[in-house]
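Encoded as structure tokens, the structure appears first; notes follow it.
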Amino acid sequence: MEKEEESPFRIISTVRALNSALRGKLQDVTETMRSSGGDRVPNEPEKLWFKESSAKNLRNRDFLSPNTVLTALYEGGQVPPAVLNNVVSAHGSGVLPLHVAEVVAEGLRVCVDHPAAFRGVLSRSAEYLRPSVAQREGCVVLNCPALHTRDADITSHTLTLGQLRTVLIADHLGALLKRQGYSVLHCPALPEGCDVINFLKVLGVDWPTMPVSWSNEEREQKVLEDLRRSAYRERESEKEKRRSRGEEMERENERVESDVKINLKEVVQEQGLLGYDPSLGTCTVQREAIAHLAQLDRVAAAADSSAAMTVLHVTSCQEEFRQQQTAMLWRASGATATQQRLVVCGPVKTPGAQLSAAQYLQLRRSQMKEASEMKYGDQVEGQTWDDIIRVMTSATVRFELLSTVHTSPVTLDVQREGGVSTKGPRGGVFVMYNCARLHTLFSSYEKGVQEGIYPEIPECSELDFSSLKEEGEWLLLFNYLIPYSELLDQSGRALELEGGGVRINLKTEQVCRFLVSLSKDFSSYYNRVHVLGEPLPHLFNQMFCRLLLLSALRELYHNALDALNLPPIPQL
């Protein structure tokens, strides 16, 4: 049997243990409620504990149960001594070591045993860089309608910024879901070497391709036949009624077959689907829809038939209605992938200008080059700097388009005098800069080891972590290293939730926001603390503890950037 202390510390596990301990005499009633399908006793507050995160509050507490909670649980808010003892003694799998539980003016404060937590995390830091739950199973198809060709092949010059946003979100989701154990497929495949594929490669997007000579005509014909035979196909009598009402017939060259009309409203009603547009009615099948469905069929056929499949259509708000139509047509054709959800993305606004995806990338690249030359001068030349500028430009673009909640609009400053900067907390550049600072720090340390200035870092068991007294050190561990694995779980948890209609919110902005917040706190700490101190034996313990903390932080940076398909850079 696995020992409890072998499980990595988790915030959620600690809060659950504190919840149980605080309920005290209410525990038996709570268990009765749970056994009958409930989770709370009457009048019990929904949230019993708050994890602190600000530097100010973390100086004297790590968790707080406010007075309003204590008053609701206990008469006069007086917490019995036995309950206080239970709180400070709370333990279990993944529960942080606690050493203080005290009623103060704000409520009941709890402090974690910081040295024990530092030792527990830094001795096995790799376990904090992967999802906290067991590997999930299933297949996710990420369908990006922006990349489906219509009358002409899409290019980086016809790709809008809103469409580019959907592609980057689909790419990011794919990386996150793979880490959680899902098999991930992307749709559609694009011709090898085409303009869009080359454009996306510059941004670090590895989209699936197919040979230029490849054809999907046979599958398209099958999709059309399936729709002709569909139970949801409109009957002849219904079509005559529609014509008699004077409805205008669409132009013949825009239609696949004048007699292939599908009643999408009937699909929605019969299959009990929620959240679809009430104006979905009868849809005439178009050539572009057939090509789209054939691509989806091809990807679905390549999936593991034994795995549950979820199809996520990552689309712009302007294309949502059309994509709802496509999703219903696919159901009407008899597709077995019945779990379809829409990740709907808000528009990208560029006041004072209108740029294609290609023009936007070129603008950001030129601004990044100019900013680098202003800061670093003549050394900004050669292949190394070309690679740095390419990665920094990609980081700028990704953070600009991914840091906002995907349902909300994004407003970009695309004026020539605006743009990017190599300093200040401004998204991707700031994150990459602080990641590079860690690389520089460890390069200096390793050079010092080679020159005999510093010894090698000893094992964790040989170090005294009580020397980590700087408030920024605990903040970095408690707000970032420990919670990171739970952050990685969120998209998987959202997929597992049933109901809620056609739309799904997968919180695609959280990794970018996490990295920006981390970089602000790390930068503040790094500017205050001289990590590589004088080579004096009595100072080595503290230096080694700090190096272990920052080494774990460096790996976290690399891990999170990899989820954005951004490689770390050695300098900036």
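No experiment lies behind these values; they were computed from the predicted model shown.
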Look at atom NZ of Lys507 and say whether more than 12 heavy atoms of other residues, nucleotides or ligands are closer to it than 6.0 Å. no

Would a distance-only check, ignoring hydrogens and angles, find a side-chain to backbone donor-acceptor pair under 3.5 Å from Gln379 to Tyr376? yes

Can you check whether Val311 reaches Gln339 side chain to side chain, under 4.5 Å on heavy atoms? no

Go through the side-chain N and O atoms of Asn541 and Ser467 and say whether any donor and acceptor fall under 3.5 Å apart. yes

Would the number of heavy atoms belonging to other residues, nucleotides or ligands and lying under 6.0 Å from CD of Glu127 be above 12? yes

Given Asp297 and Trp330, is the side chain to side chain donor-acceptor pair (under 3.5 Å) satisfied, shown in steps? CA-CA 9 Å; Asp297 265 5; Trp330 202 25; 2.7 Å; yes

Which word best sums up how the rings of Phe522 and Tyr557 line up, parallel for under 30°, tilted for 30 to 60°, or perpendicular for over 60°? perpendicular

Has Lys520 got its NZ or CZ under 6.0 Å from the middle of the six-membered ring of Tyr433, at an angle within 45 degrees of the ring axis? no

Considering all heavy atoms of both residues, which atom of Val314 and which atom of Ala170 are nearest to each other, and what is their separation? CG2-CB, 4.1 Å

Any side-chain donor-acceptor pair under 3.5 Å between Asn505 and Arg341? no

Contact between Pro191 and Trp214 at the side-chain level, heavy atoms closer than 4.5 Å - yes or no? no

Counting only heavy atoms not in Asp206, do more than 12 sit closer than 6.0 Å to its CG atom? no

Less than 4.5 Å apart, any side-chain heavy atom of Met368 and any of Val429? yes

Which atom of Leu506 lies closest to which atom of Ser491, heavy atoms considered: CD2-O, 3.8 Å

Could you go step by step and tell me if Arg322 and Glu288 meet the salt bridge (charged side-chain N to carboxylate O under 4.0 Å, His left out) rule? CA-CA 11 Å; Arg322 183 194 294 270; Glu288 65 185 59; 2.4 Å; yes

To the nearest 0.5 Å, tell me how far Trp474 CH2 sits from Leu468 CG. 10.5 Å

Quick one: does Tyr454's side chain have a donor or acceptor within less than 3.5 Å of a partner on Gly533's backbone? yes

Residues that His313 engages under ring pair (Phe, Tyr, Trp, His ring centres under 6.0 Å), provided they are two or more places apart: none

Check against side chain to side chain contact (heavy atoms under 4.5 Å, CB included), Val167 and Gln163: CA-CA 7 Å; Val167 176; Gln163 290 173 326; 5.7 Å; no

Is there a side-chain contact between Pro409 and Val348, using heavy atoms and a 4.5 Å cut-off? no

What's the spacing between Lys201 NZ and Trp207 CH2 if we round to 0.5 Å? 14.5 Å

Mind telling me whether His292 and His148 have parallel, tilted or perpendicular rings, with 30° and 60° as the class edges? parallel

Would you tell me whether Asp171 and Asn565 have side-chain atoms, one donor and one acceptor, within less than 3.5 Å of each other? yes

As an exercise, state the distance from CG of Leu159 to CD of Gln359, rounded to the nearest 0.5 Å. 11.5 Å

Could Arg554 and Phe442 be counted as a cation-pi pair, given that NZ or CZ must be under 6.0 Å from the ring centre and within 45° of the axis? yes

Heavy-atom closest pair (Leu185 atom, Ala302 atom, distance to 0.1 Å) is CD1-C, 4.5 Å

Chi angles and distances behind the side chain to side chain contact (heavy atoms under 4.5 Å, CB included) call for Val410, Lys349: CA-CA 6 Å; Val410 171; Lys349 302 177 181 180; over 6 Å; no

For a quick check under 3.5 Å, do Arg398 and Ser403 share a side-chain donor-acceptor pair by atom type? no

Can a donor-acceptor pair be found, under 3.5 Å and without considering hydrogens, that links the side chain of Arg130 to the backbone of Arg179? no

Within a radius of less than 6.0 Å around CD of Glu217, do more than 12 heavy atoms belonging to other residues, nucleotides or ligands occur? no

Could you tell me if Arg10 sits above the aromatic ring of Tyr128, with its cationic atom closer than 6.0 Å to the ring centre and no more than 45 degrees from the axis? yes

No-hydrogen, no-angle side-chain donor-acceptor test under 3.5 Å, His114 and Asp62: yes

Kindly compute the distance separating CD (Gln325) from CD (Glu320), expressed to the nearest 0.5 Å. 11.5 Å

N/O donor-acceptor pair under 3.5 Å between Thr14 side chain and Leu96 backbone: yes

What heavy-atom pair brings Leu463 and Cys545 nearest, and what distance separates the two atoms? CB-SG, 4.0 Å

Could you walk me through whether Thr404 and Arg165 pass side chain to side chain contact (heavy atoms under 4.5 Å, CB included), step by step? CA-CA 11 Å; Thr404 303; Arg165 186 186 187 192; 3.9 Å; yes

Would you kindly say whether Asn559 and Glu555 are connected by a side-chain donor-acceptor distance under 3.5 Å? no

Do Leu548 and Phe465 come within less than 4.5 Å of each other through their side chains, counting heavy atoms only? yes

Verdict with reasoning, Tyr360 to Thr350, per side chain to side chain donor-acceptor pair (under 3.5 Å): CA-CA 10 Å; Tyr360 166 60; Thr350 54; over 6 Å; no

Run the side chain to side chain donor-acceptor pair (under 3.5 Å) test on Arg298 and Gln295 for me, step by step, so that the C-alpha distance in whole Å, both residues' side-chain angles and the decisive distance to 0.1 Å come before the verdict. CA-CA 5 Å; Arg298 180 191 62 80; Gln295 283 271 19; 3.2 Å; yes

Test item: Leu495 and Leu312 side chains (from C-beta on) under 4.5 Å apart, heavy atoms: yes

Heavy-atom side-chain contact between Met309 and Val141 under 4.5 Å: yes

Main-chain N/O of Ser523 paired to Asn527 side chain as donor or acceptor, under 3.5 Å: yes

Do side-chain atoms of Arg364 reach the backbone of Val397 as a donor and acceptor pair under 3.5 angstrom? no

Side chain of Asn479, backbone of Ser53: donor and acceptor closer than 3.5 Å? yes

Between Glu220 and Ala291, is there a donor-acceptor pair closer than 3.5 Å when you use the side chain of the first and the backbone of the second? no

For Ser524, is there any backbone N or O sitting under 3.5 Å from a side-chain donor or acceptor partner on Arg528? yes

For a salt bridge (charged side-chain N to carboxylate O under 4.0 Å, His left out) check, start with the C-alpha distance between Glu470 and Arg546, then their side-chain angles and the critical distance, and finish with the verdict. CA-CA 10 Å; Glu470 240 282 344; Arg546 287 173 170 171; over 6 Å; no

Does some side-chain heavy atom of Leu515 sit less than 4.5 Å from a side-chain heavy atom of Leu564? yes

Residues Asp386, Lys369: salt bridge by 4.0 Å N-O rule: no

Whether Gln324 side chain and Asp277 backbone form a donor-acceptor pair below 3.5 Å: yes

Closest heavy-atom pair, Pro347 versus Gln318, reported as atoms and distance to 0.1 Å, is CB-NE2, 3.7 Å

Going by atom types only, do Glu473 and Tyr525 share a side-chain donor-acceptor pair under 3.5 Å? yes

Contact summary for Leu176 and Ala563, nearest pair of heavy atoms: CD2-CB, 4.0 Å

